[in-house]
Structure formats: structure tokens, C-alpha cells
Amino acid sequence: MRILLVEDDKAIVATLGDLLREEGYDVTCASTQDSALAALEADRFDLALLDVGLPQGNGFAVCAAARSSAPDMPVIFLTASDDEYSTVAGLDMGAVDYIAKPFRPRELLSRIRAALRARQGAASSVTLGDVTVDPATGTVRKGGAELFLSALEYRLLLFFAQHKGRLVTREMLRDAIWDTAGEYVSDNSLNVYIKRLREKVEADPAEPQLIVTVRGLGYRVEG
Ligand code: CA
């Protein structure tokens with residue numbers, strides 16, 4: 001597995017680079033936007049870790065380039081802990097996850113494994129609480145009984161289930177259901193879709209335990 005690490009903090013590059021190599025990953029380091037873009041052009045990577053603030057350029061531009069040249073490559077942003085804007089912007093750009101600095105190396109490793117697994121298992125079934133979504137057959141079961149969802153509700157649920165334990169912004173949801181809706185999804189429509197989905201999957205839709213609202217940011221997927 002090849003990882004592109006884009007980070008200008010030499011201490012982080014040294015410790016993280018060593019750790020990743022010890023885990024058997026092949027690591028390429030870049031400390032500027034230009035060198036990261038050159039690496040993306042020259043090589044294929046299985047995952048990218050992107051620092052947002054770089055001395056030349058920034059991680060967002062690298063993410064944008066990666067999304068177009070390697071759309072299936074998971075991107076994880078390394079963000080400053082108090083930088084809510086970067087966190088949301090990174091996820092909206094298609095990053096699969098973010099981790100706030102200073103981070104525990106073991107935590108980062110587990111996020112990396114989860115991102116690589118999610119990419120490999122995009123077509124295998126996923127669960128959310130007692131709800132199981134099987135993309136191979138397009139069926140949804142809750143506690144054994146089949147649930148009947150609209151195409152939109154299905155897309156939303158699958159997206160939530162694939163982002164378990166993470167923050168999902170409203171923009172990510174709009175992107176995820178765009179193809180089905182074929183038109184811009186307004187905030188109000190999105191609220192209605194999520195309300196209907198909660199009525200079908202939550203034990204108590206008034207007190208959601210699976211798809212939890214995070215005020216001002218979006219939703220956190222539990223279960
Ligand atoms: Ca930096």
C-alpha cells in the first residue's frame with residue numbers, strides 16, 4: 001500500500017513516516033503543494049494524508065487535483081484541532097476523513113485502515129445499528145425484516161452507513177444524492193428526506209440514535 005504524506009512539519013513527517021513504514025506502508029513525503037502535485041502525477045497512491053497549511057500552496061488544492069486524477073483514492077486531512085472551517089471544507093471537497101492535530105499515532109493508523117477498508121468494501125454490505133444495507137442486492141433489513149425505502153432514502157442511508165463514526169456535512173449529502181434527484185436539493189428537502197429516513201430506521205425518530213444532528217456542521221453517524 002502506497003501512502004502520499006503531504007506535510008511541512010518536519011517532526012510530524014519524521015515520526016509519522018517511520019510509523020507508517022513500520023506498518024508496512026510505502027511512504028512518499030511532500031512538503032509543498034507543487035511537490036505533492038508532481039508526486040500525484042508521477043505515481044499512483046492508495047491513500048493521501050494532507051496537511052491543510054503548507055508553506056507554498058495548501059492541502060485543498062492538492063485534494064482537488066487528487067479528486068480529478070485519482071477519484072477513488074481516499075484522502076484524509078490533518079487539521080488544526082480548532083479549525084472547524086478546514087474540517088468542514090475538507091470533507092465537502094471529498095476527503096473521507098480528517099484527524100485533528102495533535103493526533104495519537106495509533107488513532108491515525110486505525111483511521112487509515114478504515115479508509116482503505118471502506119474503499120475495498122464499497123460493494124459489500126454495511127450496518128447501521130440493527131439496520132443492514134446490501135448494495136449488491138439493493139435491499140435494506142432492520143432486525144431481519146425488509147425495509148422499503150425510496151431511491152433517495154436508500155442513497156442517503158447507504159451514504160450514512162458508509163460514514164459510520166464520522167461527521168457528514170450537508171454538502172456531502174447533497175453530492176451523494178445528486179444523481180438520483182437530478183436537481184439541486186434544497187435545505188428544506190434534505191430535512192424532509194432525513195426526517196422520513198429517520199422514521200424508518202430509528203427506534204425513536206424523535207430521539208435519533210443512529211443519525212445524530214450536529215448543530216451547524218451536519219450529522220454524526222453512530223451505531
Ligand atoms: Ca502545516
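Quick note: numbers below take in every heavy atom, side chains included, and nothing from hydrogens, waters or symmetry partners. All ligand and atom numbering here is 1-based and tracks the order in the structure.
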(message) Distances under 3.0 Å only: what protein N/O/S atoms are near the Ca ion (ligand 1), ordered by chain and residue?
(response) D8 OD1, D51 OD2, G53 O

(message) Are the side chains of F77 and V52 in contact, using a 4.5 Å heavy-atom criterion?
(response) yes

(request) Can you establish whether the number of heavy atoms outside E41 located under 6.0 Å from its atom CD is more than 12? (result) no

(message) Contact between L16 and L49 at the side-chain level, heavy atoms closer than 4.5 Å - yes or no?
(response) yes

(request) Start with the C-alpha gap between Y219 and R170, add the side-chain angles, then the distance that decides, and say whether side-chain hydrogen bond (donor to acceptor under 3.5 Å, both in side chains) holds. (result) CA-CA 8 Å; Y219 302 88; R170 297 176 68 82; 3.0 Å; yes

(request) Indicate yes or no: at least one non-hydrogen side-chain atom of K164 is less than 4.5 angstrom from one of L128. (result) yes

(request) Give a yes or no on this: more than 12 heavy atoms of other residues, nucleotides or ligands lie within 6.0 Å of atom CD of E199. (result) yes

